[in-house]
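Written below as structure tokens is the structure these notes are about.
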Amino acid sequence: MIYQFRSKAGPDVIMLADLTKRIFDILGRPLDPRGILTVEQLPNLITALETAILKDLEERAKVNEDSENGAEKPKLADRLGQRAYPFLELMKQARSKDEPVMWGV
């Protein structure tokens, strides 16, 4: 399943269901087939996602230290910051222009 996020503030962002579900779990929001992130909600949602990205980076740094001792390295494709960046940027643009972010399937 593919989700398309839209806002008048920036370009559309398309994400697969696995990433969308992961992000919405971080945001503490249910993932409905259609919805809206209001302008009032965006600052808290942006902070929550940025915090999760930083935590992911810290965990990866620790795993990388452990991998030097023989443990398996994490896959680069699973990096939250890289995968969530377009969505995070859309939310930031929407916040700066006082526009909501909407999505549908």
Side-chain angles (χ1 to χ4, degrees):
M1 186 177 292
I2 295 176
Y3 289 89
Q4 183 171 7
F5 295 88
R6 299 173 184 238
S7 177
K8 291 179 182 178
D12 293 356
V13 173
I14 297 172
M15 294 190 298
L16 295 174
D18 67 329
L19 175 60
T20 306
K21 174 79 171 110
R22 184 175 177 192
I23 290 173
F24 272 61
D25 286 346
I26 290 166
L27 300 179
R29 292 188 50 102
L31 181 56
D32 297 322
R34 296 177 187 260
I36 187 167
L37 304 175
T38 65
V39 175
E40 295 80 17
Q41 295 169 332
L42 288 174
N44 290 335
L45 298 176
I46 290 168
T47 301
L49 187 53
E50 287 177 333
T51 302
I53 289 169
L54 290 174
K55 183 178 178 185
D56 183 62
L57 286 173
E58 290 172 359
E59 289 172 359
R60 287 181 179 282
K62 185 175 187 219
V63 169
N64 283 337
E65 288 175 11
D66 293 342
S67 68
E68 292 173 1
N69 298 329
E72 187 177 328
K73 287 188 175 184
K75 296 178 183 175
L76 289 178
D78 292 337
R79 287 185 17 214
L80 178 62
Q82 184 176 6
R83 294 185 72 202
Y85 181 79
F87 182 67
L88 178 60
E89 283 302 304
L90 178 63
M91 288 196 304
K92 287 179 177 181
Q93 291 170 354
R95 179 189 61 193
S96 70
K97 295 182 180 175
D98 291 327
E99 292 289 341
V101 175
M102 297 167 281
W103 73 92
V105 178

Legend entry - Check: Trp103 side chain, Leu37 main-chain N or O, donor-acceptor pair, under 3.5 Å: no
Legend entry - For Val101 against Ala94, the heavy-atom pair lying closest together: CG2-CB, 3.6 Å
Inset, instruction - For residues Ile53 and Gly81, report the shortest heavy-atom separation together with the two atoms involved. - result: CG2-CA, 3.6 Å
Inset, instruction - Would you check if Leu16 and Arg83 make a side-chain contact, meaning some heavy-atom pair closer than 4.5 Å? - result: no
Inset, instruction - Kindly compute the distance separating CE (Met91) from CD1 (Ile23), expressed to the nearest 0.5 Å. - result: 7.5 Å
Legend entry - Value rounded to 0.5 Å, distance of CG in Leu27 from OG1 in Thr47: 10.5 Å
Legend entry - Inter-residue atom distance Gln41.CD - Arg29.CZ, 0.5 Å rounding: 4.5 Å
Inset, instruction - To the nearest 0.5 angstrom, please state how far the CG atom of Leu49 sits from the CZ atom of Phe24. - result: 10.5 Å
Legend entry - Nearest-0.5 Å distance, CD of residue Glu99 to CD of residue Gln93: 11.5 Å
Legend entry - For Lys21, all residues meeting side-chain hydrogen bond (donor to acceptor under 3.5 Å, both in side chains), sequence neighbours excluded: Asp25
Legend entry - Approximate separation, where rounding is to 0.5 Å, of Tyr85 OH and Leu80 CG: 14.0 Å
Legend entry - Heavy-atom pair with the smallest gap, counting every atom of Pro100 and Val39: N-CG2, 3.8 Å
Inset, instruction - Taking all non-hydrogen atoms of both residues into account, name the closest pair between Arg6 and Leu90 and its distance. - result: N-CD2, 4.4 Å
Legend entry - Linked, directly or transitively: Val13 and Met102 (ILVMFWY side chains, under 4.5 Å): no
Inset, instruction - Establish whether Met15 and Ile46 are linked, either directly or via other cluster members, by ILVMFWY side-chain heavy-atom contacts under 4.5 Å. - result: yes
Inset, instruction - Find out whether Thr20 and Phe5 are in side-chain contact, i.e. whether some heavy atom of one side chain is under 4.5 Å from a heavy atom of the other. - result: yes
Legend entry - Residue pairs fulfilling salt bridge (charged side-chain N to carboxylate O under 4.0 Å, His left out) with at least one residue in residues 42-52, sequence neighbours excluded: Glu50-Lys92
